[in-house]
Amino acid sequence: MDAYDKGSNARPVPGEPAAAVPVPDSSPPEGHETADDHKTSDGHETSDSPEQKLSGEAPARIPQQYGDPQRDDQQYDGRYDDDQYVDTALAGPPLPPPTGISALSLPYQIAAALALAVVAVAACVHVGMVFLHVAPSNTVTKQHGQAIDEWIYPEFEQNWKLFAPNPLQQNIAVQVRADVRAADGEIRTTRWYDLSALDGAAIDGNLLPSHTQQNELRRAWDFFVATHDNANRPNGLRGALSEKYLRRIVVLRLDREQAGGRGAVVQQVQVRSRTSNVPPPKWSQEQVSDKPIVRVLPWWPVSEADRPAGTRPAESTGTEASAR
């Protein structure tokens, strides 16, 4: 066959452009329907999915993993296609829900902030008052000494007995008795109650004793002794305050101990102290007396204000020793 003949089997001549290849007719042969009809010449349907039949859409084209002709002619320009390449690693875990004050609504956040501010101011004021109380005399304490004392006494009193000039080396026991009116109307005097021994028994073996058990009675007695002379007469306004404070404490303790029996009413109380020196160690040459010193106070009538809340009888005098 001549090399210059034209046909489908003609061989190309070197140096000349290749002949155009005829495009085959895309129309289906007779007896076949198009892809939209999905039927062959023998009358059978294709195996398209039911979803495609319902939606009327052609099956989606699955791109080739390698050598996709649609992308082979595109050169890589160093940029990622955001629609095709999605970096899911950049999406971190969800943020935890807010906690603490930030979890509250705005009104509650404002209320909590105000409460914290009030607590902070009160703490600063208390620290300042204690500092001025223990500090040497200065202009501020001279001008506002009464206000400082009213803030400190009797709950926050400070002293240096533990350090200098001489640590406390005595055992002081505070005891009380009372005249009570029994349920049958008889007036009788109770025995002496050792309140210090009761506090010691509550503290002994307790890993976390309360401040009341450790210091309330002891500090009340120290306050009374510091504001009274040897004849038990108050030496100022603080003397009357210390007496009222001690009386309320002993009446409360008698109520807890059910002094005089159930239903008894306390009419008046009497307080005494028993002070004994702590014996020195055996290797010490110090000599101290082992004889206790007893200080007895006069009888104090119990007023309406001295009764503990929740235990006051209907009468205007006395306090009922209710069961607890």
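Keep in mind that what you see is a predicted model, and the values were worked out from it rather than measured.
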Provide the closest heavy-atom pair for [X] versus [Y] in the form atom of the first, atom of the second, distance.
X      : Y      : value
Ala103 : Pro98  : CB-O, 3.3 Å
Ala259 : Tyr193 : CA-OH, 3.6 Å
Glu186 : Asp184 : N-OD1, 3.2 Å
Gly260 : Val180 : CA-CG2, 3.8 Å
Lys142 : Ser137 : CE-OG, 3.4 Å
Ser105 : Tyr108 : OG-CD1, 3.0 Å

Say whether [X] and [Y] are linked into one hydrophobic cluster, either directly or through other cluster members, by side-chain heavy-atom distances under 4.5 angstrom.
X      : Y      : result
Leu217 : Trp192 : no
Ile110 : Val121 : no
Val225 : Val250 : yes
Val125 : Leu132 : yes
Val119 : Val130 : no

| Criterion side-chain contact (heavy atoms from CB on, under 4.5 Å) on Arg218 and Asp199, from CA distance to verdict | CA-CA 10 Å; Arg218 179 180 62 83; Asp199 286 347; over 6 Å; no

If only side-chain N and O atoms count, and only distance matters, is there a donor-acceptor pair under 3.5 Å linking [Y] with [X]?
X      : Y      : result
Arg274 : Asn171 : no
Asn232 : His228 : no
His126 : Trp151 : yes

| Would Arg253 and Asp194 satisfy salt bridge (Lys or Arg N to Asp or Glu O under 4.0 Å), going step by step from the backbone distance to the final call? | CA-CA 10 Å; Arg253 299 295 181 88; Asp194 194 339; over 6 Å; no

| What residue pairs, at least two apart or across chains, pass salt bridge (Lys or Arg N to Asp or Glu O under 4.0 Å) with a residue in residues 233-242? | Asp229-Arg233

Could you tell me whether a side-chain N or O of [X] sits under 3.5 Å from a main-chain N or O of [Y], the two making a donor and an acceptor?
X      : Y      : value
Asp290 : Val288 : no
Gln270 : Val296 : no
Gln109 : Leu104 : yes
Thr190 : Arg177 : no
Ser242 : Gly239 : yes
Asn277 : Ser289 : yes

| request: Mind checking salt bridge (charged side-chain N to carboxylate O under 4.0 Å, His left out) for Arg248 and listing every partner two or more places apart, or none if nothing turns up? | output: Asp306

| said: Go through it in stages, so that I can follow the logic: the residues are Val302 and Val265, the test is side-chain contact (heavy atoms from CB on, under 4.5 Å), and I'd like the CA-CA distance, side-chain angles, deciding distance and then a yes or no. | reply: CA-CA 10 Å; Val302 177; Val265 178; over 6 Å; no

| With under 30° as parallel and over 60° as perpendicular, where do the rings of Phe223 and Tyr153 fit, or are they tilted in between? |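 Geometry flag for Tyr153 against Phe223: parallel rings.
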
| field | Any Met129 side-chain heavy atom under 4.5 Å of His133 side chain | value | no

From [X] [atom1] over to [Y] [atom2], what is the distance, rounded to the nearest 0.5 angstrom?
X      : Y      : atom1 : atom2 : result
Gln175 : Arg272 : CD    : CZ    : 4.5 Å
His144 : Thr139 : NE2   : OG1   : 10.0 Å
Gln268 : Asp179 : CD    : CG    : 4.5 Å
Arg295 : Phe224 : CZ    : CZ    : 6.0 Å
Leu246 : Arg219 : CG    : CZ    : 12.5 Å
Ser273 : Ile293 : OG    : CD1   : 9.0 Å

| request: Hydrophobic side-chain clustering at under 4.5 Å (ILVMFWY, transitive links): who's grouped with Val278? Put none if nobody. | output: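 Joined to Val278, directly or through intermediates: none.
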
Check this for me: [X], atom [atom1], are more than 12 non-hydrogen atoms of other residues, nucleotides or ligands nearer than 6.0 Å?
X      : atom1 : result
Asn235 : CG    : yes
Leu237 : CG    : no
Gln146 : CD    : no

